[in-house]
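Worksheet: the structure to be examined is printed underneath.
Throughout, a chain's letter reflects where its sequence line sits, starting with A, and its residues are numbered from 1. Worth saying up front: this structure is predicted, and the values here are computed from it rather than measured. All heavy atoms count here, side chains included; hydrogens, waters and symmetry mates do not.
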2 protein chains.
Amino acid sequence: MNKEDIKILIVDDENDILEFLSYNLKREGYQVFVCDNGREAIAKAKDIKPQLILLDVMMPELDGIETCRQIRNEKTLSDTLIAFLTARSEDYSQIAGFDAGADDYIHKPIKPRVLISRIAGVLRRFLSSDADANADIGGLVLDREKFIVFKEGNPVSLPKKEFELMALLMSKPGKVFLREEILDKVWGGDVVVGDRTIDVHIRKLREKLGENYIKTIKGVGYKFDL
Amino acid sequence: MNKEDIKILIVDDENDILEFLSYNLKREGYQVFVCDNGREAIAKAKDIKPQLILLDVMMPELDGIETCRQIRNEKTLSDTLIAFLTARSEDYSQIAGFDAGADDYIHKPIKPRVLISRIAGVLRRFLSSDADANADIGGLVLDREKFIVFKEGNPVSLPKKEFELMALLMSKPGKVFLREEILDKVWGGDVVVGDRTIDVHIRKLREKLGENYIKTIKGVGYKFDL
DNA sequence: AAGTCATTTAACGATTTCTTAATACTACGA
DNA sequence: TCGTAGTATTAAGAAATCGTTAAATGACTT
């Protein structure tokens, strides 16, 4: 199952959140649908049969938990995954939510990278998609959940930026990532850092993991490959 | 679907941007149309039915988002892709763009290489275009993503210019590329290098890949053929 | 407040890649 | 056969790009 085939329905009454999530998920290649209330969500879900529904807990009228219950009652949606969006403070929903049939929680405020990997995680768990399952290439295993890279079984913990850079490179082994692409995805499109910064991080990775995993394509970028 | 068949409409009130984008996209072989305001854009879009519209968000009178909405209301343009051009600073979570039906965002300032690959990405995602599929002719496979040429299964890595030259020749097997054409597409229309430079690169390619792939047509140019 | 760690920058060196220039070669027509 | 036009070859210098180090910054800890 490819990302392109995956439909995600986002339900939230705040327009900012809808757009933010929508943008980031579309950018990853998912098919994204949105709506801003529970009733519409149920109708839309029946119609498009998304694999995953991101559901805000706090909504006027029909709240997330009740919406979730009703979706769970739909036989045609039995395979649909539901993840709740919650503010950090509201942890009461934790209990009520799982009861209603939620598969995961995502806390606001939501950071793009976290969102993406979380969603990949949810989808992987239930669809046995290998979208970005823990890569395992040439003795290197990247565990996105634990934030650790295993080199021939030995855990190597990496700081955030190094980990994210490694994660990006390993997300498509062999593919050459342009420096611009790396900056955009690891640092974020709006952050401006010098080109040498990437080099330094690459160097640290090579130092910790060995020289043979990351290849330089001069004038183009870097790739993870054997 | 070939690049030559793809029409792109660029809408921006700044003339510099129009020219910059237009130049770079034409160079890639797309059919490019421009206009500098929203109203005209809608009319032009109905007329030429472009596959992709690049739309500046910030425009006087009819802004990008409103223009997008109106285009989305046109039944005859239902398959048209819309990508917004935004300044780095305008945080995407604040933009009402996706709601209006945008398919992607491209941040200014725009770098040519990023633009090109981004657009190829957008088009590929939605048109299943084979814009940069891997050529495979007579035992030679050119993998643009991995930046590698496989010769009978064995990877041969090429420096940037050599790779781009090879990619160009392989993009239309059999077609003779004039020296002028090669300079324009590989080096860029504004770069001035001597004619011998091409020869040298051709020689390096023949050295690495074998003598039988690239043929010289005296007084005309080179072609990739068996 | 001192210390640690992650991140970024700056400076310089090292390397690769690109370009040129000079010369050799080849095919073809006079 | 000679001359010409165009391409091939080679080596060497120039330019671009990357690697490396050390040091500055800033957040967080002790």
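- In this model, the phosphate group of D:dT17 is not approached by any side-chain N or O of A:R179 to a distance below 4.0 Å at OP1 or OP2.
- Taking 4.0 Å as the cut-off between side-chain N and carboxylate O, A:E181 and A:K175 count as a salt-bridged pair.
- Summarising the geometry, the separation between CZ on A:R206 and P on D:dC18 is reported as 11 Å, rounded to the nearest angstrom.
- Of the candidate nucleotides D:dA16, D:dT21, C:dA27, D:dT21 has the atom nearest to the side chain of A:V200.
- For the pair B:F147 CZ and D:dT17 P, the interatomic distance rounds to 12 Å; values are reported in whole Å.
- Expressed to the nearest 0.5 Å, how far CD1 of B:I10 lies from CG of B:D36 amounts to 12.5 Å.
- The interatomic distance linking A:D199 (CG) with C:dC12 (P) rounds to 17 Å, in whole Å.
- Nearest to the side chain of B:R196, among C:dC18, D:dA8, C:dT7, sits D:dA8.
- Taking CD1 of A:I182 as the reference point, atom CZ of A:F177 lies at 7.5 Å (rounded to 0.5 Å).
- To the nearest angstrom, P of C:dC18 lies 12 Å from CD1 of A:I217.
- Side-chain contact, A:T197 with A:R179: no donor N or O sits under 3.5 Å from an acceptor N or O.
- Not one side-chain nitrogen or oxygen of A:T197 sits closer than 4.0 Å to the OP1 or OP2 atom of C:dT7.
- Between A:I198 atom CD1 and C:dA10 atom P the separation is 15 Å, expressed in whole Å.
- Here B:T216 does not reach the OP1 or OP2 of D:dG6: none of its side-chain N or O atoms lies under 4.0 Å away.
- At whole-Å resolution of the value, CD in A:E207 and C1' in D:dA22 are 13 Å apart.
- In this entry the distance linking CD1 of A:I182 with P of C:dT7 reads 15 Å, nearest Å.
- B:K185 has no carboxylate O lying under 4.0 Å from a charged side-chain N of B:E164, or vice versa, which leaves the two without a salt bridge.
- Side-chain nitrogen and oxygen atoms of A:W187 include none within less than 4.0 Å of the OP1 or OP2 phosphate oxygen of C:dT7.
- Rounded to an integer number of Å, the gap from CG of A:L158 to P of C:dC5 is 15 Å.
- Within 4.0 Å of B:F163, counting heavy atoms only, lies no atom of the nucleic acid at all.
- A donor-acceptor contact under 3.5 Å is formed by the side chain of A:K218 with the base of D:dT17.
- Of the candidate nucleotides D:dC18, C:dT7, C:dC18, C:dT7 has the atom lying nearest to any side-chain atom of A:P159.
- An OP1 or OP2 oxygen of D:dA8 is reached within less than 4.0 angstrom by a side-chain nitrogen or oxygen of B:Y222.
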